[in-house]
Amino acid sequence: MIHTPYFEIRKDALDKNIEDLTEALKSEWGKSIFSYSVKTNSLPWLLRHLREFDAWAEVVSSDEYRLARLMGYPQSRIVFNGPVKGRDDFLDALRNGAVINIDSEREIRWLEEETFSTPRTVGLRVNFSVEDCCPGDIGWEKDGTRFGFSYENGALKKAVERINRISNIRVGGLHMHVSNPKRGVNVYRTLAAMAARIIREYQIEAEYVDIGGSFFGGVPGKTTFVEYISAIREELESTVDPQRTALIVEPGSAIIASPVDFVTSVIDVKNTAKSRMVTVDGSRCNIDPLLLKQNYLLDLVSEGKTYPGKQIVCGFTCMDKDRILEICDMPELHEGDRLVFHRVGAYTMQMNPLFISFFPAVYVRDGELKCVRPAWTAEDFVNERPNK
Ligand SMILES: Cc1ncc(COP(=O)(O)O)c(C=O)c1O
């Protein structure tokens, strides 16, 4: 038996998600780019694996940009987003053919301070009150979302005009991503309709519309890639030609959430005056680093008889708050029993803290189980490098 705790990636389910997405893009659009959201899970094995499917990398920091380069993504297959790009990497990406979506004034300033000997296209991240158009879907109703240039107050228009005045630089793309927690199709219709409106109003010759990420993938009964992309097409096709304007999608969760399990073992069970406490060798930090989840898809591997009452499953950290979940009328857990949490591949592995225990191992199931990241040891943590 493999030593717990560990993550397990089911390769067949992962590949199915990728294939479903690429098929949907092919059948419902024309020219398209699948750019995987590196932040969602930046496991090196995964980044290398995605390259075999011709995926691009969507990155939002210099560290992610350099990681993508290290994993073999040329600049011409990188989408560089977000407000915290480093100047040197921003310019390196732009000069070497990456898709760059400008998110801040300082990036416009960088463009103005440089000279470009050949024509380059950039995109702009759009900010508008999407939360008012889709009540209850996005959140942030009171203060609005934080990224991009505001369409409503004229900042977006000014940014387009300012960039188009720079020699050899023009705006040729729009970046529409919003975090869409319910992942409903209506939000994509709204984003696509707004992109179409801006393209018409500002007469943008659009090389691409980047609709962002936040889709469902691989979850039975939820919206499919075909449904998302066909809804986007319906809103955009009277404004842009799907054979000439690329649709960029940046999914992360839709690709890697559903194929990943986290396996942990019971290491101690005790009754206190008030409760029955079960301690496992994984932590809530491993599968819910922001401590937000209310429930989990879970299998118990236990031969215990049904326990008539509540058992509180707690993680290995020394925080009393590290309570993963409460189970009622479930098998009585004993030392050595295993708990398998499903669909936990997004915003988990790369957000694990180095707190008390270091990173758990990651395995890929491809017929047999293969280790793609051994559990970190104290030696990995120390990682002493010779002085430069
Ligand atoms: C700009 C951008 N693109 C794509 C994504 C991926 O979202 P998801 O993992 O929900 O698909 C995010 C996530 O926050 C993002 O900020």
Side-chain angles (χ1 to χ4, degrees), residues 1-10 40-43 253 256-365 369-383:
M1 278 258 257
I2 292 173
H3 189 71
T4 55
Y6 64 90
F7 287 99
E8 178 177 326
I9 303 174
R10 279 171 292 105
T40 307
N41 187 326
S42 52
L43 183 75
S253 306
I256 193 59
S258 60
V260 178
D261 295 339
F262 182 66
V263 185
T264 180
S265 302
V266 175
I267 53 175
D268 182 52
V269 182
K270 65 166 65 124
N271 293 315
T272 64
K274 295 188 177 164
S275 299
R276 182 173 172 80
M277 298 291 187
V278 177
T279 299
V280 297
D281 58 9
S283 164
R284 184 158 176 192
C285 300
N286 295 128
I287 49 176
D288 181 24
L290 300 179
L291 309 183
L292 292 173
K293 284 187 188 157
Q294 315 257 329
N295 50 41
Y296 300 90
L297 195 60
L298 166 71
D299 277 320
L300 300 182
V301 186
S302 163
E303 301 201 332
K305 295 207 180 79
T306 303
Y307 181 75
K310 184 169 81 176
Q311 304 177 85
I312 303 178
V313 179
C314 305
F316 70 74
T317 73
C318 297
M319 301 188 294
D320 226 317
K321 206 175 165 48
D322 189 0
R323 296 172 184 217
I324 304 177
L325 82 168
E326 296 180 1
I327 52 176
C328 293
D329 300 323
M330 297 289 273
E332 181 172 328
L333 290 171
H334 297 285
E335 195 176 329
D337 287 347
R338 290 194 166 199
L339 288 80
V340 183
F341 295 88
H342 303 292
R343 295 191 194 142
V344 291
Y347 306 100
T348 49
M349 283 179 216
Q350 80 299 343
M351 289 174 84
N352 278 189
L354 291 166
F355 177 56
I356 299 181
S357 277
F358 306 134
F359 295 146
V362 183
Y363 290 83
V364 172
R365 183 172 293 283
L369 272 189
K370 182 175 137 216
C371 185
V372 295
R373 180 181 79 185
W376 265 35
T377 61
E379 286 75 16
D380 294 310
F381 180 70
V382 172
N383 186 19

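Residues: numbered from 1 along the sequence shown.
Nearest heavy atoms, Ala375 versus Asp380: O-OD2, 4.0 Å. Contact between Thr4 and Ser265 at its shortest, heavy atoms only, is OG1-OG, 2.7 Å. Asp281 approaches Pro5 most closely through the heavy-atom pair O-CG, 3.4 Å.
By the 30° and 60° cut-offs, the orientation of the rings of Phe7 relative to Phe262 is tilted.
Qualifying side-chain hydrogen bond (donor to acceptor under 3.5 Å, both in side chains) partners for Tyr347, counting only residues two or more places apart in sequence or in other chains: Thr40.
In this structure, Asp299 contributes its side chain and Val340 its backbone to no donor-acceptor pair below 3.5 Å. A donor-acceptor contact shorter than 3.5 Å is absent between the side chain of Asp322 and the backbone of Cys318. Lys293 places no side-chain N or O within 3.5 Å of a backbone atom of Arg284 that could act as its donor or acceptor partner. Looking at Asp261, its side chain never comes within 3.5 Å of a backbone N or O of Glu8 through a donor-acceptor pair. Not a single donor-acceptor pair under 3.5 Å links the side chain of Gln311 to the backbone N or O of Val278.
For NE2 of His3, the number of neighbouring non-hydrogen atoms (other residues, nucleotides, ligands) closer than 6.0 Å is 12 at most. For Asn383, the CG atom sits in a packed shell: over 12 heavy atoms of surrounding residues, nucleotides or ligands are nearer than 6.0 Å.
With rounding to the nearest 0.5 angstrom, the OG atom of Ser42 is 9.5 Å from the CE atom of Met349. Atoms CD1 and OG, on Ile324 and Ser283 in that order, are 6.0 Å from each other to the nearest 0.5 Å. Separation of atoms CD1 (Ile256) and CD (Gln350) is listed at 10.0 Å; rounding is to 0.5 Å. Summarising the geometry, atom CG belonging to Asp288 is positioned 9.5 Å from atom CE belonging to Met351; distances are rounded to the nearest 0.5 Å. In this structure, Lys321 NZ and Cys285 SG are separated by 10.5 Å, a value rounded to the nearest 0.5 Å. Leu325 contributes atom CG, which lies 9.0 Å from atom CG of Asn295 (distance to the nearest 0.5 angstrom).
Glu332 pairs in a salt bridge (charged side-chain N to carboxylate O under 4.0 Å, His left out) with only one of the listed residues (Lys305, Arg276, Lys310), which is Arg276. Partner of Trp376 under the ring pair (Phe, Tyr, Trp, His ring centres under 6.0 Å) criterion, out of Phe358, Phe381, Phe359: Phe359 alone.
At least one side-chain heavy atom of Leu43 sits under 4.5 Å from a side-chain heavy atom of Ile9. Two residues are said to be in side-chain contact when any heavy atoms from C-beta on lie closer than 4.5 Å; Leu333 and Val280 fail this criterion. Put simply, the side chain of His334 does not reach to within 4.5 Å of the side chain of Val266, judged on heavy atoms. In this structure the side chain of Ile287 never reaches within 4.5 angstrom of the side chain of Thr264, judged on heavy atoms.
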_Residue pair Arg323, Met277: steps toward the side-chain contact (heavy atoms from CB on, under 4.5 Å) verdict_ = CA-CA 9 Å; Arg323 296 172 184 217; Met277 298 291 187; 3.9 Å; yes
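With hydrogens and angles left out, the side-chain atoms of Asp337 and Ser302 include a donor and acceptor closer than 3.5 Å.
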